[in-house]
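A short worksheet on the structure shown next.
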Amino acid sequence: MTDTKVFLLDGGSLVLDGFHIWWNKGPGGEVRFPVYSILIEHAEGRFLIDTGYDFDHVQKVLPFEKPQQTQQQTIPGALKLLGLEPKDIDVVFNSHFHFDHVGGNKFFPDAKKICHKAEIEQAANPQPFEVLGYSDMSFSAEAAAARGMADQLTAGQTDANSRFDVVEGDVELAKGVKLIFTPGHAIGNYSLLVDLPNRAPILFTIDAAYTKKSLELGVQAGFHIDPIAGVQSMQRLRGIADETGAELMFSHDAESFKDYRTGVNYYG
Ligand SMILES: [Zn+2]
């Protein structure tokens, strides 16, 4: 029996304007923010939640986001810091399919992959205002084919080894690892609540709230498909944090991220 441990895999950083991070609130101006993935070591296996962004993809398609990523901040590099390789991961769960959450999926042909039932269809047929968010289709041969972007797939990626099991609503991914359905930012967006043996649970907002300020003010990011659902999802997260005593952790908050444990330092 392994005690549950949570590792944050630092995936580098990107830049957006403050008005995109805090929609219609700001302040504007360039804001550099972190991107990270979450590795859960659990008695039922190793679960990876999201896989960061692919540096070359961002340079090519979204260079204005000014990616900064070292070798150790790629998914294989971050796993190597922990003495792991991609083949050691049993399950990859994607909170949604925006490019900064799926860039490393290509390294996991053998892992079981899971997402919300509406996300592949949305990535395959995004709204016009979602096209840049859903710009890296290398996570799914099916979505890449639908978008005419099969050139993004790497050799060895097939329909069969990039196929997803789908879920909906709140789901227990493993004992004490709960996916909390928080739509708004994306049609199938999930947050994550993890129970830990020696401390309070952690509630990862993922992109339902980029930053602490986002959740406090109820201000979501400019990237969303349903802003009213987004506000309701934030209210729900605040309620869950109050009920469970969970510590909130935010997906893209430079200020908070400074105090988060990364690399070999974990939460357990
Ligand atoms: Zn997103």
Side-chain angles (χ1 to χ4, degrees), residues 8-9 11-25 31-38 48-55 57-58 61-62 64-67 69 75 92-105 114-116 118-140 143 147 164 179-192 203-215 219-234 236-237 248-254 256-257:
L8 306 190
L9 309 187
S13 61
L14 296 168
V15 164
L16 280 174
D17 189 90
F19 271 108
H20 282 306
I21 296 183
W22 301 288
W23 183 47
N24 286 353
K25 175 77 180 173
V31 178
R32 182 165 287 283
F33 60 88
V35 173
Y36 66 91
S37 307
I38 302 157
L48 180 62
I49 315 300
D50 291 338
T51 62
Y53 70 81
D54 181 88
F55 182 85
H57 172 78
V58 178
V61 179
L62 310 99
F64 48 87
E65 295 208 13
K66 302 181 180 176
Q69 187 182 65
I75 279 287
V92 172
F93 176 81
N94 291 101
S95 64
H96 61 302
F97 287 139
H98 286 167
F99 73 89
D100 55 326
H101 296 259
V102 303
N105 272 51
I114 307 174
C115 68
H116 184 269
E119 269 296 302
I120 290 192
E121 171 59 21
Q122 197 65 26
N125 294 289
Q127 293 292 328
F129 52 82
E130 295 183 300
V131 164
L132 278 179
Y134 293 114
S135 58
D136 184 347
M137 292 296 110
S138 64
F139 65 91
S140 160
R147 294 278 298 279
F164 283 77
L179 304 172
I180 312 286
F181 183 48
T182 50
H185 173 73
I187 201 161
N189 195 78
Y190 272 105
S191 303
L192 173 72
L203 178 53
F204 292 96
T205 59
I206 311 196
D207 283 2
Y210 279 19
T211 70
K212 188 163 185 270
K213 171 175 142 179
S214 313
L215 195 67
V219 175
Q220 66 203 287
F223 308 99
H224 48 248
I225 187 159
D226 182 344
I228 296 172
V231 169
Q232 289 164 347
S233 288
M234 282 194 274
R236 188 160 177 238
L237 288 174
L248 283 154
M249 297 183 79
F250 303 93
S251 56
H252 297 305
D253 188 342
S256 301
F257 192 69

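As a basis for the values below, the full set of heavy atoms in this structure was taken, side chains included, without hydrogen atoms, waters or symmetry mates. Indexing begins at 1, ligand by ligand and atom by atom, following the structure's order.
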- Task: Taking the six-membered ring for Trp and the single ring otherwise, decide whether the centroids of His101 and His252 are under 6.0 Å apart.
- Result: yes
- Task: Ignoring hydrogens and angles, tell me if any N or O in the side chain of Asn94 forms a donor-acceptor pair with the backbone of Phe97 under 3.5 Å.
- Result: no
- So how many protein N, O or S atoms does the Zn ion (ligand 1) have within less than 2.8 Å? 4
- Are the side chain of Glu130 and the backbone N or O of His224 linked by a donor-acceptor pair below 3.5 Å? no
- Parallel, tilted or perpendicular: rings of Tyr190 and Phe181 (30°, 60°): tilted
- Name the one of Asp207, Thr182, Thr205 that satisfies side chain to side chain donor-acceptor pair (under 3.5 Å) with Ser191? Thr182
- Heavy atoms from other residues, nucleotides or ligands near NZ of Lys25 exceed 12 (cutoff 6.0 Å): no
